[in-house]
Student: 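Submitted below is the structure of interest, expressed as structure tokens.
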2 protein chains.
Amino acid sequence: MKLNTKSRYAVMALADMSKFSRKKPISLRDISLRQSISLLYLEQIFLKLKKNNLVKSTRGTNGGYVLIKDPNEIKLSEIFLALDEKVKTLGCNKESKKGCNGKFTKCITHNLWDELESHINTFFENKKLSDLIKINQNRI
Amino acid sequence: MKLNTKSRYAVMALADMSKFSRKKPISLRDISLRQSISLLYLEQIFLKLKKNNLVKSTRGTNGGYVLIKDPNEIKLSEIFLALDEKVKTLGCNKESKKGCNGKFTKCITHNLWDELESHINTFFENKKLSDLIKINQNRI
DNA sequence: TATATACCCGACTAAAATAGTCAAGTATTG
DNA sequence: CAATACTTGACTATTTTAGTCGGGTATATA
């Protein structure tokens, strides 16, 4: 079980912004250098963050991105949502009229994965971007 | 984020055994039919479960597998361990002398993923195989 | 003792997901 | 008008996943 890099980089980049941001825009180039993330990849990520109203952009020289909300108002769950990264623990398809394993009944472990999913989602619901900065004062 | 099928099938198969088992061995063929899991794949999975002392086997006609411990003594964490399925949330390499992102410092989100990892592991530590059966009396 | 059943084990592979890159822009500032 | 920086979709190499395949070995029962 692993989280994908896009989600991880998104959190990393937004944490970076929370830490370094004042009012003026931060360029992806700066984030790229500080966090060692490919610039081209960051662009892809920020496009989604923008579409989901987590950041806004300013073009041109001295342009860049700014957080729309305060770091202590940004839940990690929002970030994952923006990147379409869902905590998906099930093998079975909830939407389907069929149950799991192609049968019409739910599989024996169905409830378990549901529980786990909530367990993890709760974690991300309760975690704010600002929490990361507090713990990591001494980190780049 | 997703769990792999091997782990899911392992839990499913062991839950099946907990439910249907008395003293006599259960063949993979039966589990395969009841849970709609490929027989060949189950063999692969049970090899690992056996090596890790979760089940023991009897060969030949009427052979099969038996749980070594009681379902209420088998933690889900043990099952994942048997399949080398680790809850891996980090992008950085803990073992390396370097930190994350090829730098010597830990990345800004390092602690976060550590926390999540513990959060999930705790869930699996506290969950027993027997718990699945209780909830799923009415399931196959 | 023959035969069917069922475990044992390593190697292989098609398909999907991941982690990016690339090309070709557009907008803004200095 | 040049440099900077965001915008967007398409493309692709690599890795992982989710299995299959082939060729065993051991045992029970007829």
Student: For the side chain of B/Leu47, starting at C-beta, report the closest nucleotide among D/dA18, C/dC8, D/dT7.
Tutor: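 So the side chain of B/Leu47 is nearest to C/dC8.
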
Student: Which residue, A/Lys127, A/Lys69, A/Lys128, forms the salt bridge (charged side-chain N to carboxylate O under 4.0 Å, His left out) with A/Glu78?
Tutor: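 Single pass found, and it is A/Lys69.
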
Student: Show the distances under 3.5 angstrom between N or O atoms of the protein and N or O atoms of nucleotides 11-14 of chain C.
Tutor:
none

Student: Rounded to the Å, how far apart are A/Leu28 CG and C/dT21 P?
Tutor: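 That distance rounds to 14 Å.
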
Student: What is the distance, to the nearest angstrom, from the NZ atom on A/Lys48 to the P atom on C/dA19?
Tutor: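 Those two atoms, NZ and P, are 13 Å apart.
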
Student: Closest approach to the side chain of B/Ser27, judged atom by atom: which nucleotide of C/dA6, D/dT20, C/dC9 is it?
Tutor: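 So the nucleotide nearest the side chain must be C/dA6.
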
Student: Below the 4.0 Å mark, does C/dA19 have OP1 or OP2 next to a side-chain nitrogen or oxygen of A/Ser38?
Tutor: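 False: A/Ser38 side-chain N/O out of range (4.0 Å or more) of C/dA19 OP1/OP2.
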
Student: Hydrophobic cluster membership, with links at side-chain heavy-atom distances under 4.5 Å among I/L/V/M/F/W/Y: are B/Leu3 and A/Ile108 in one?
Tutor: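 As far as the 4.5 Å side-chain criterion goes, A/Ile108 and B/Leu3 are connected within one cluster.
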
Student: Going by the angle between their ring planes, with limits at 30° and 60°, are A/Tyr41 and A/Tyr9 parallel, tilted or perpendicular?
Tutor: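 Perpendicular: the ring planes of A/Tyr41 and A/Tyr9 meet at over 60°.
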
Student: So which atom in B/Leu67 and which in B/Ser18 form the shortest heavy-atom distance, rounded to 0.1 Å?
Tutor: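 Smallest interatomic distance, heavy atoms only, reads CD1-OG, 3.7 Å.
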
Student: To the nearest Å, how far apart are A/Phe46 CZ and D/dA5 C1'?
Tutor: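 That distance rounds to 13 Å.
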
Student: Just N and O in the side chain of B/Lys6: are any of them under 4.0 Å from OP1 or OP2 of D/dG19?
Tutor: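 So the side chain of B/Lys6 is outside the cut-off, no N or O lying under 4.0 Å from OP1 or OP2 of D/dG19.
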
Student: Should A/Phe80 and A/Ile68 be counted in the same cluster of Ile, Leu, Val, Met, Phe, Trp and Tyr side chains packed under 4.5 Å apart?
Tutor: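 A/Phe80 does not cluster with A/Ile68.
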
Student: Start with the C-alpha distance between A/Asn121 and A/Ser118, add both sets of side-chain angles, then the distance that settles side-chain hydrogen bond (donor to acceptor under 3.5 Å, both in side chains), and finish with yes or no.
Tutor: CA-CA 5 Å; A/Asn121 282 327; A/Ser118 317; 6.0 Å; no

Student: Could you go over nucleotides 26-30 of chain D and give all protein N or O partners under 3.5 Å, atom names and distances?
Tutor:
residue, atom, partner, partner atom, Å
D/dA26, O4', B/Arg59, NH1, 2.3
D/dT29, OP1, B/Asn62, ND2, 3.3

Student: D/dC6 P sits how many Å from A/Ile45 CD1, rounded?
Tutor: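 Computing the A/Ile45:CD1 to D/dC6:P distance gives 14 Å.
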
Student: Would you mind reading off the distance between B/Tyr41 atom OH and D/dT20 atom P, rounded to a whole angstrom?
Tutor: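 Whole-Å distance recorded here is 9 Å.
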
Student: Please work out if A/Tyr65 contacts a base, only the sugar-phosphate, or nothing of the nucleic acid, heavy-atom cut-off 4.0 Å.
Tutor: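 A/Tyr65: backbone/sugar contact only, no base atoms under 4.0 Å.
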
Student: Take the protein atom CG of B/Leu49 and the nucleotide atom P of C/dC7, then report the distance between them rounded to whole Å.
Tutor: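 B/Leu49 atom CG is separated from C/dC7 atom P by 13 Å.
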
Student: Spell out, yes or no, whether A/Leu40 and A/Ile37 are grouped together once hydrophobic residues are joined by side-chain heavy atoms under 4.5 Å, including indirect joins.
Tutor: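 In one cluster with A/Leu40: A/Ile37, no.
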
Student: What is the ring orientation for B/His119 with A/His119, classed by angle as parallel under 30°, tilted 30 to 60°, or perpendicular over 60°?
Tutor: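 Geometry flag for A/His119 against B/His119: parallel rings.
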
Student: Under the salt bridge (charged side-chain N to carboxylate O under 4.0 Å, His left out) test, which residues partner A/Lys56, sequence neighbours left out?
Tutor: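 Scan of A/Lys56 (salt bridge (charged side-chain N to carboxylate O under 4.0 Å, His left out), adjacent residues dropped) gives none.
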
Student: Give the rounded distance in Å between these two atoms: CD1 of A/Ile31 and P of D/dA5.
Tutor: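 Roughly 12 Å, once rounded to whole Å.
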
Student: How do A/Leu39 and B/Ser57 order along DNA chain C: which one's closest nucleotide is nearer the 5' end?
Tutor: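 By nearest-heavy-atom nucleotide position, the 5'-most residue is B/Ser57.
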
Student: For A/Ile26 and D/dC6, what is the distance between atoms CD1 and C1' respectively, to the nearest whole Å?
Tutor: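 Between C1' of D/dC6 and CD1 of A/Ile26: 15 Å.
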
